[in-house]
Amino acid sequence: MAPTRAAGAPGAALVRVLADPEAVSAAGAELACELAAGAIAARGAFRVALSGGSTPRRMLELLACEPRRSRVDWSRVRIFFGDERAVAPDHADSNYGMAQRALLARVPLAPGQVHRMRGEAPDLARAADEYALEIAREFGVAAEGPPPAFDLIYLGLGGDAHTASLFPGTPALAERRRWVVANPVAEQATTRLSFSPPLLCAAREVAFLVAGASKRAALRAVLDGPRDPQRYPAQLVQPACGRVRWLVDAAARASAEER
Ligand code: 6PG
């Protein structure tokens with residue numbers, strides 16, 4: 001199905017409706033291969049931020065195996081994380097742990113190429129600031145300046161229209177200066193590390209991977225509903241110069257008649 005421009009989606013958002021979760025995962029993996037080649041050719045590196053949750057796992061697995069594995073020059077790839085739970089990397093809920101099992105342990109990456117968010121840190125605000133410094137060092141820019149442009153940021157969508165760890169009604173939605181924040185999520189009685197809206201909006205490319213009927217209402221609200229980022233935080237992702245792709249399956253994106 002040809003990509004469509006979503007009515008309510010901000011900016012140049014393109015929506016591709018794919019048959020099922022496997023097709024969404026394959027499209028996400030293919031996008032990494034394509035954008036990595038372009039970024040490495042243009043800038044000598046591919047700086048990508050992975051999303052968490054369950055949806056990206058299969059996409060990472062597909063990226064870690066042939067034929068896609070050999071299409072990426074892994075020596076030029078720099079891996080970051082768009083958010084992390086307040087857990088250690090070996091915890092079942094760790095986004096890093098999921099990516100480590102699905103991709104990072106299966107492709108040739110040196111330790112310095114993978115930048116883990118320290119969700120286990122006792123002081124998450126300090127961990128957020130330290131991660132922002134790590135990003136600044138990788139991009140060779142001042143940490144106090146405007147946020148750098150990731151070549152690709154993967155994102156998911158929660159059933160409440162959150163993305164990364166930007167949840168409805170949480171303080172991080174109002175962040176306009178920091179690149180990385182420790183965001184208290186009262187509903188989950190936890191604090192989570194997350195890219196901020198400014199850092200997300202600096203990206204060259206953003207790819208949302210969304211699958212399943214459970215996401216239908218949230219996806220409709222974000223793409224077709226009124227602009228209300230406090231309720232639908234994914235609407236905040238409007239790169240000034242970048243492109244947003246929505247790779248969604250048919251179950252998540254009902255046909256126009258069903259909406
Ligand atoms: C996280 C993610 C989060 C996720 C959505 C969708 O840490 O949980 O970053 O934003 O992308 O909650 O999660 P699923 O893919 O598991 O539905």
Side-chain angles (χ1 to χ4, degrees), residues 18 20-29 48-63 79-89 91-103 115-120 124 127-128 131 150 152-170 172-173 175 180-185 187-197 199-201 203 206-223 229 231-237 244-249 251-253:
L18 298 132
D20 52 30
E22 183 72 8
V24 169
S25 300
V48 57
L50 304 182
S51 63
S54 57
T55 303
R57 182 183 302 114
R58 180 61 180 152
M59 185 268 290
L60 297 176
E61 290 170 350
L62 290 176
L63 196 50
I79 303 268
F80 289 80
F81 292 82
D83 75 321
E84 186 57 275
R85 291 83 179 274
V87 295
H91 190 283
D93 291 346
S94 168
N95 290 336
Y96 169 83
M98 181 274 286
Q100 174 70 4
R101 291 185 294 275
L103 173 68
H115 301 269
R116 182 176 71 81
M117 283 184 165
R118 305 212 173 288
E120 73 281 12
L124 287 175
Y131 200 72
F150 274 86
L152 173 59
I153 298 178
Y154 282 111
L155 290 173
L157 184 72
D160 59 359
H162 82 261
T163 194
S165 284
L166 304 177
F167 286 81
T170 56
L173 302 186
E175 181 60 51
V180 184
V181 292
N183 190 27
V185 185
E187 270 199 6
Q188 298 185 10
T190 187
T191 295
R192 291 172 56 160
L193 291 171
S194 183
F195 276 15
S196 69
L199 184 56
L200 293 172
C201 290
V206 173
F208 282 89
L209 272 63
V210 185
S214 67
K215 304 294 177 72
R216 185 176 291 187
L219 190 59
R220 184 189 309 128
V222 170
L223 295 183
R231 283 181 65 192
Y232 313 125
Q235 289 183 338
L236 285 169
V237 184
V244 177
R245 286 176 173 89
W246 290 83
L247 305 178
V248 306
D249 74 351
R253 184 67 168 159

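By convention here, the first residue in the shown sequence is residue 1. All ligand and atom numbering here is 1-based and tracks the order in the structure.
Close approach to S54 involves these atoms of ligand 1, each under 4.0 Å from a residue heavy atom: 14 (P), 15 (O), 16 (O). Which parts of ligand 1 touch R85 is read off a 4.0 Å heavy-atom cut-off, strictly below it: atoms 1 (C), 7 (O), 8 (O). Taking a cut-off of under 4.0 Å to the non-hydrogen atoms of K215, the atoms of ligand 1 that pass are 6 (C), 14 (P), 17 (O). Within ligand 1, counting atoms from 1 as listed, the ones closer than 4.0 Å to a heavy atom of G156 are 11 (O). Taking a cut-off of under 4.0 Å to the non-hydrogen atoms of N95, the atoms of ligand 1 that pass are 1 (C), 7 (O).
At least one N/O-N/O distance between R192 and ligand 1 falls below 3.5 Å. On a distance-only criterion, H162 and ligand 1 share at least one N/O pair closer than 3.5 Å. Any N or O atom pair closer than 3.5 Å counts here, and T55 shares at least one such pair with ligand 1. Not one N or O of L155 is nearer than 3.5 Å to an N or O of ligand 1, by distance alone.
Between atom 2 (C) of ligand 1 and the options L50, D93, D83, the minimum heavy-atom separation is to D83.
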Practice task
Could you go through the side chain to side chain donor-acceptor pair (under 3.5 Å) check for N183 and T170 one step at a time?
Solution key: CA-CA 7 Å; N183 190 27; T170 56; 2.9 Å; yes

Exercise for the section: Step by step, work out the salt bridge (Lys or Arg N to Asp or Glu O under 4.0 Å) result for E22 and R58. Expected result: CA-CA 7 Å; E22 183 72 8; R58 180 61 180 152; 3.0 Å; yes

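Aromatic rings from F81 and F195 are positioned such that their centres are separated by 6.0 Å or more.
Contacts of S165 with ligand 1, taken as heavy-atom pairs under 4.0 Å, are absent altogether.
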